[in-house]
**Q** 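Okay, here's the structure, questions in a sec.
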2 protein chains.
Amino acid sequence: MERPELPLQQLHAFVVLAEELHFGHAAARLGIAQPPLSQQIRRLEGKVGHALFSREPGRVGLTPAGRELLPAARRALADLADGLAAARAVGSGRTGRLRIGFAASLALTVLPGLLRTFRHRFPGVHLDIHEMTSAPQIAALHDRTIDVGLLREPPTDEPELGFRTVLSEPFVAVLPLAHPLAAQRTVHLAQLADSPFVLLPRAVGPRFHDQIVGLCTAAGFTPRIAQHAVEWQTVCALVETGLGVSLAPAGIRRIRLKGVAYRRITPDTARTRVAVAWRENDQNPLVGHLLATVSHERPDSHDRPDGLPAAAPGSRS
Amino acid sequence: MERPELPLQQLHAFVVLAEELHFGHAAARLGIAQPPLSQQIRRLEGKVGHALFSREPGRVGLTPAGRELLPAARRALADLADGLAAARAVGSGRTGRLRIGFAASLALTVLPGLLRTFRHRFPGVHLDIHEMTSAPQIAALHDRTIDVGLLREPPTDEPELGFRTVLSEPFVAVLPLAHPLAAQRTVHLAQLADSPFVLLPRAVGPRFHDQIVGLCTAAGFTPRIAQHAVEWQTVCALVETGLGVSLAPAGIRRIRLKGVAYRRITPDTARTRVAVAWRENDQNPLVGHLLATVSHERPDSHDRPDGLPAAAPGSRS
DNA sequence: ACGCTCCATACGCCTAGAGATATCAGGTCA
DNA sequence: TGACCTGATATCTCTAGGCGTATGGAGCGT
């Protein structure tokens, strides 16, 4: 692919003239006077090296060389027009693809509404939704495998990434119905000291895990972990079978099981933060759009935690 | 298709930079300094309205908008390069299509050699060969249905067309072997006065037909036409069956039939001219090439008859 | 801290070319 | 023959932009 020799404007003039086969009309369609058009065509012919039109008095016609060039010129112009439109659509965020990672438990709370709102505001955008736990989300953001993550307890030492709290959820105790504490309306954390725990593995969400353990420690005991399970559904099911109790974000109360009770926790200062995460330097305007959607989605719960909420990504100085 | 907004040169720079992802290298590949390249890209981004590259220190990458534009730009550049090459090939006559009409009898004489030579000199050219009689050839030339005709006895009143004699053939008498004149080596035209004639219909080639009748008239008799046939093969076959005699260009001696004798004619000044015909104003360089080939093909029989052999078509002032 | 790499900026020069107006030349038709 | 249409030419203006050199400034490695 060498240095292009044919100015696009001349090609446009060429195509129009090829359609009109009349210098005056073509010039009118191009919005210019006739002599400039003659010049354009002449210049173009000069660069091609051959006549493109036969001008016999009375009628203008394409030469074989012109007939050969015409479809290529048409395609090129159409391609560019389409490409430009597509690039603008993507650039402005009306179109494109956004890859979102989310923690499974959020499928019960923030995710559905967020997706619905976003799809409504940006119907041209294709959303790739990937269920994944917190740590892989951070890795995937760095890998550029996803563009946005929805996770619990965002880390504080990720300079490349931005975070914004979306939701601050209280904890609930997850108890078998048969458990004595299930009779109470609220449960004090210290009351769980003697029960075995069913929890997510630490690797799934280290900070979230540590937070739970920290809450217990603050309440004066070290939780005895009887069993790990990677999904909240499983955790609840195991609790139902009497294997132990658990602490979970309030949102998982949507998992309704006959033998399980969810009880408010005291002190109720214990809360998990659900956050969106993104690459701070991401050019994709859709990331900014998603963040804006998140803000509009729940304008109530602004915590403004860590991560500079500075300039929305996509805007360049 | 509106007025194109993206200069091709900038698109070229864009594509190269998208491949190199390094301003310095891309500039080197383009043969320019680095700052101009930065400008080009900046200008292009300005026209698109969005950043096409993300310049994080250390690495240059495409933005989603850039990724969207890239294939379109590639296609456009490739299309134009191909189209330009094709147009130049056609314009210079290295490539293209040439539609040739020819009288059936010439398939026995000039046509094969002409085609062979032309194909050898211009292997990239596609030849469309159409067998057709003289009058339709003239019409087809005007219609632009064919580009070149090969016919007998070119007309003299066709201002739009050019003609050049290719071959000047003597006449022969076509006789049944049983005919008394078949015993002679040469036949005087007047000797045919009493025999019925088998000829082509006048409509097939009016001037050729008139020439034959004229020859007879000059020899002192009016030929009695017993039968018409549209092809020389048929004429000879009819002669063989004894239906009559005929006068034909010497070339048709290639049609060998057991019961037919071909005899030279006196006076031997009687000759048919085979001519090429073309549109005088034809832009197609292949027409000029064909005429040149005709000239080289038989540099012996130049008669330089009518039709201006002036400037070869395809050359414009 | 220094230098190196890499990209952006700032000027300045200069040509290509897009546009306009005025005019000419060939052809057609009344 | 003279109006008229159509395209080509001549000339002028103006500016977009392509390219260069010089320089700035951020990151990174030694």
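Chain letters run A, B, ... following the sequence lines, proteins first, then strands; residues in each count from 1.
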**Q** When the nearest nucleotide of DNA chain D is assigned to A:His22 and to A:Gln39 on a heavy-atom basis, which residue is associated with the more 5' position?
**A**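 Its nucleotide being nearer the 5' end, the pick is A:His22.
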**Q** Base contacts versus sugar-phosphate-only contacts with protein, heavy atoms under 4.0 Å: please encode nucleotides 22-30 of chain C as B, S and - from 5' to 3'.
**A** B----S---
**Q** For A:Phe122 and A:Phe118, take the angle between the two ring planes, folded into 0 to 90°, and tell me which bin it lands in: parallel under 30, tilted 30 to 60, perpendicular over 60.
**A**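 The rings of A:Phe122 and A:Phe118 sit tilted, inter-plane angle from 30° to 60°.
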**Q** May I ask you to verify if any side-chain N or O of A:Arg42 is less than 4.0 angstrom from the OP1 or OP2 atom of D:dG7?
**A**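 Answer is no, no contact under 4.0 Å.
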**Q** Between atom CD in A:Gln40 and atom C1' in C:dA16, what is the gap in whole Å?
**A** 12 Å
**Q** My understanding is that only residues two or more places apart in sequence, or in another chain, count here; which of them pass salt bridge (charged side-chain N to carboxylate O under 4.0 Å, His left out) with B:Arg97?
**A**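 Listed in chain order: B:Asp128.
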**Q** Ignoring backbone atoms, establish whether B:Arg55 has a side-chain N or O less than 4.0 Å from OP1 or OP2 of C:dA8.
**A** yes
**Q** Under the salt bridge (Lys or Arg N to Asp or Glu O under 4.0 Å) definition, can you give me all pairs with a residue in residues 80-94 of chain B, not counting sequence neighbours?
**A**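 Only A:Glu5-B:Arg88 qualify under salt bridge (Lys or Arg N to Asp or Glu O under 4.0 Å).
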**Q** Send over the distance from A:Leu8 CG to C:dA18 P, rounded to a whole Å.
**A** 11 Å
**Q** Does the side chain to side chain contact (heavy atoms under 4.5 Å, CB included) test come out yes or no for A:Leu8 and A:Leu11, once each step is laid out?
**A** CA-CA 5 Å; A:Leu8 271 189; A:Leu11 285 168; 4.1 Å; yes
**Q** The criterion is side-chain hydrogen bond (donor to acceptor under 3.5 Å, both in side chains); which residues satisfy it with B:Gln9, sequence neighbours excluded?
**A** none
**Q** Please list, by residue number, the residues of residues 61-70 of chain A whose heavy atoms come closer than 4.0 Å to an atom of DNA chain C; answer none if no residue qualifies.
**A** none
**Q** Rounded to the nearest Å, what distance is computed from the CZ atom of residue B:Phe14 to the C1' atom of nucleotide D:dG18?
**A**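 Going from CZ in B:Phe14 over to C1' in D:dG18 covers 19 Å.
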**Q** Rounding to a whole Å, what distance do you find between A:Leu37:CG and D:dA8:P?
**A** 9 Å
**Q** For B:Arg67, check salt bridge (charged side-chain N to carboxylate O under 4.0 Å, His left out) against everything at least two apart and list the hits.
**A**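 In terms of salt bridge (charged side-chain N to carboxylate O under 4.0 Å, His left out), with neighbours along the sequence ignored, B:Arg67 is linked to no residue.
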**Q** Is it true that A:Arg164 and A:Ser295 share a donor-acceptor pair across their side chains at a distance under 3.5 Å?
**A**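 Result is yes, a qualifying pair exists.
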**Q** Does a side-chain N or O from B:Arg59 land closer than 4.0 Å to OP1 or OP2 of C:dC6, or not?
**A** no
**Q** Mind calculating the distance between CD1 (B:Ile32) and C1' (D:dT21) to the nearest angstrom?
**A**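 Roughly 14 Å, once rounded to whole Å.
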**Q** Compute whether any side-chain donor of one residue and acceptor of the other, for A:Gln40 and A:His12, lie under 3.5 angstrom apart.
**A** no
**Q** Whole angstrom is fine here: how far is it from CD1 in A:Ile41 over to P in D:dT6?
**A** 17 Å
**Q** Write down the atom of B:Ala27, the atom of B:Ala33, and the distance for their closest heavy-atom approach.
**A**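 Heavy atoms of B:Ala27 and B:Ala33 come nearest at CB-O, 3.5 Å.
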**Q** Measure CD/A:Glu20 against P/D:dG7 and give the value in whole Å, please.
**A**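 Whole-Å distance recorded here is 11 Å.
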**Q** Do B:Phe53 and B:Leu62 come close enough that some side-chain heavy atom pair is under 4.5 Å?
**A** yes
**Q** Kindly indicate whether the side chain of A:Gln9 and the base of C:dG19 share any N or O donor-acceptor pair separated by less than 3.5 Å?
**A**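 Such a pair does not exist between side chain and base.
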**Q** Both B:Lys47 and A:Phe23 contact DNA chain D. Taking the nearest nucleotide for each, which residue is further toward the 5' end?
**A** A:Phe23
**Q** How close or far is atom C1' of D:dG18 from atom CG of B:Leu11, stated in whole angstroms?
**A** 15 Å
**Q** Please determine whether a side-chain nitrogen or oxygen atom of B:Ser38 lies at a distance below 4.0 Å from atom OP1 or OP2 of C:dA8.
**A**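 Checking C:dA8 against B:Ser38, a side-chain N or O does come within under 4.0 Å of OP1 or OP2.
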